[in-house]
Amino acid sequence: MKNAKRVVIALIVAVSLFSIHQASAWGVLGHRTIAQIAENYLTPEAKAATEKYLNASLPSVALWMDRTASWTKKRKGHIPGYEQTSTWHTLVVDERYRVSSVQTPKGSGNLVPNLKMCIENLKNYRNLTDSAVVVNLKCVVHMVGDMHCPTHIYFLEFPDCFQSPKDANGKRTPARDRISVYFNGKKMTYHSFWDGVGITQIYPEYSKDYKYYAKAFDKASAKQRAKFCKGGIDEWVHDSAKSCRPVYNNVKAGDELDRDFILSYSKMTQRQCLKAGCRLAHILNECFK
Ligand SMILES: [Zn+2]
């Protein structure tokens, strides 16, 4: 725990340095929409605390974890702690959609324990330095979003859920989320499809304005929102995996995907963002009492 805390504290060095946008889980739009929904349901105490520490809104910091990755890659890995946090974006579930300790060959699949660690750190925020609170907070905001993104969940039920090792000819079978598909003639991995365009086509008239998306997605009653927040991280992962699993039903390498494909999952997508937002608010409200 001590080491992990040092990692997130070390990352604060880079907080103000990032301005690079990149495709990430749910993309910029999805992460910000989720953070906006969360902000709508913060208690006055949690709202005051997040504003005090971040000096910014939740949507404006929602991409921070992806930007550390992008920044580090472009500068060849000089951000201390990046190697640890780079594996915090994905998770692995077993055949019953329960959190698995199996990791991808690259060592990813670490979101769940690290999200739990950051939440525990935040519960103890009065004993942390301000910069440590900021980093833990930014990590929680991002990881709750990633946890609800379809291609950030690896399903052990698929033999090809991870990339295969090289065969005798040096070839690999790509992981199930890394198969190539086409959207509007553009080639991309299925992972990038969900990260980059999965949400943006639902309401093209909103031209990627997360505030409009948050309003459109946030249709749950207080009773429903309370139901979403029942249980804890493990139960939410189970629920999230079960809801996201159908995205692998009818897709194969080389498929041409269009807006109709996106709209066929639009109910799931909207629900996932809404649940993520409600659960993020619930976590922060519990931390900043
Ligand atoms: Zn991410």
Side-chain angles (χ1 to χ4, degrees), residues 21-67 137-152 183 193-230 236 239-240 243-244 246-247 258-288:
H21 290 255
Q22 65 155 30
S24 57
W26 287 133
V28 176
L29 177 61
H31 273 293
R32 288 194 174 146
T33 299
I34 289 166
Q36 180 61 53
I37 292 171
E39 199 154 88
N40 295 342
Y41 295 114
L42 292 180
T43 58
E45 291 82 6
K47 191 156 173 51
T50 56
E51 277 174 3
K52 177 193 151 193
Y53 286 105
L54 296 174
N55 200 20
S57 66
L58 295 185
S60 66
V61 302
L63 270 297
W64 182 76
M65 255 179 75
D66 281 334
R67 289 180 185 168
L137 190 47
K138 288 178 175 177
C139 287
V140 168
V141 172
H142 187 80
M143 280 191 275
V144 173
D146 277 355
M147 192 177 103
H148 291 79
C149 182
T151 43
H152 280 240
F183 180 73
F193 170 80
W194 276 101
D195 282 4
V197 292
I199 293 181
T200 59
Q201 306 291 314
I202 296 179
Y203 295 113
E205 66 273 28
Y206 293 160
S207 67
K208 301 186 188 175
D209 186 323
Y210 68 87
K211 287 190 177 169
Y212 282 112
Y213 269 81
K215 224 175 173 180
F217 287 6
D218 188 2
K219 298 285 184 217
S221 65
K223 209 174 162 186
Q224 275 174 307
R225 292 197 302 272
K227 213 174 153 194
F228 296 156
C229 297
K230 261 193 167 175
W236 300 342
D239 175 60
S240 192
S243 307
C244 294
V247 305
D258 55 14
R259 185 165 177 250
D260 284 346
F261 180 89
I262 289 171
L263 293 181
S264 71
Y265 288 109
S266 108
K267 214 173 159 191
M268 179 278 288
T269 304
Q270 300 192 41
R271 204 27 99 91
Q272 284 298 98
C273 289
L274 175 56
K275 284 178 176 176
C278 293
R279 288 165 180 168
L280 176 56
H282 180 80
I283 290 168
L284 299 179
N285 290 342
E286 287 292 306
C287 290
F288 297 112

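In what follows, residues are counted from 1 in the order of the sequence shown.
Thr269 contributes atom OG1, which lies 12.5 Å from atom CG of Leu274 (distance to the nearest 0.5 angstrom). Atom OG1 of Thr151 sits about 5.0 Å away from atom CG of Asp195, to the nearest 0.5 Å. Taken from OG in Ser221 to NZ in Lys227, the straight-line distance is 9.5 Å, to the nearest 0.5 Å. In this structure, SG on Cys273 lies 14.5 Å from OH on Tyr210, to the nearest 0.5 angstrom. Rounding to the nearest 0.5 Å gives a distance of 6.5 Å between CD1 of Ile199 and CD1 of Ile34. We find the OG1-CG distance between Thr43 and Asn285 to be 4.0 Å, quoted to the nearest 0.5 Å.
The two residues Val141 and Leu280 come nearest to each other via the heavy atoms CA-CD1, 3.9 Å. Contact between Ile262 and Val197 at its shortest, heavy atoms only, is CD1-O, 3.5 Å. Minimum heavy-atom separation, Pro150 to Met268: CG-CE, 3.9 Å.
Contact of the Leu42 side chain with the Phe288 side chain is not registered, since no non-hydrogen atoms from C-beta on lie closer than 4.5 Å. Put simply, the side chain of Asp146 does not reach to within 4.5 Å of the side chain of Met65, judged on heavy atoms. A heavy-atom distance below 4.5 Å is found between the side chains of His31 and Asp66.
His142 places no side-chain N or O within 3.5 Å of a backbone atom of Leu63 that could act as its donor or acceptor partner. Ser266 places no side-chain N or O within donor-acceptor distance of the main-chain N or O of Ile202, the cut-off being under 3.5 Å. The backbone N or O of Thr200 lies less than 3.5 Å from a partner atom in the side chain of Tyr213, making a donor-acceptor pair. The backbone N or O of Ala48 lies less than 3.5 Å from no partner atom in the side chain of Glu51, so there is not a single donor-acceptor pair.
Glu45 meets the salt bridge (charged side-chain N to carboxylate O under 4.0 Å, His left out) test with no other residue; sequence neighbours excluded. Evaluation of the side-chain hydrogen bond (donor to acceptor under 3.5 Å, both in side chains) rule for Asn40 yields Gln36 as partners, not counting sequence neighbours. The side-chain hydrogen bond (donor to acceptor under 3.5 Å, both in side chains) test applied to Asp239 returns Lys275, Arg279, not counting sequence neighbours.
Ring geometry, Tyr203 versus Tyr206: the interplanar angle falls from 30° to 60°, so the pair is classed tilted.
Remark: Phe228 CZ is packed, more than 12 non-hydrogen atoms of other residues, nucleotides or ligands lying under 6.0 Å away.
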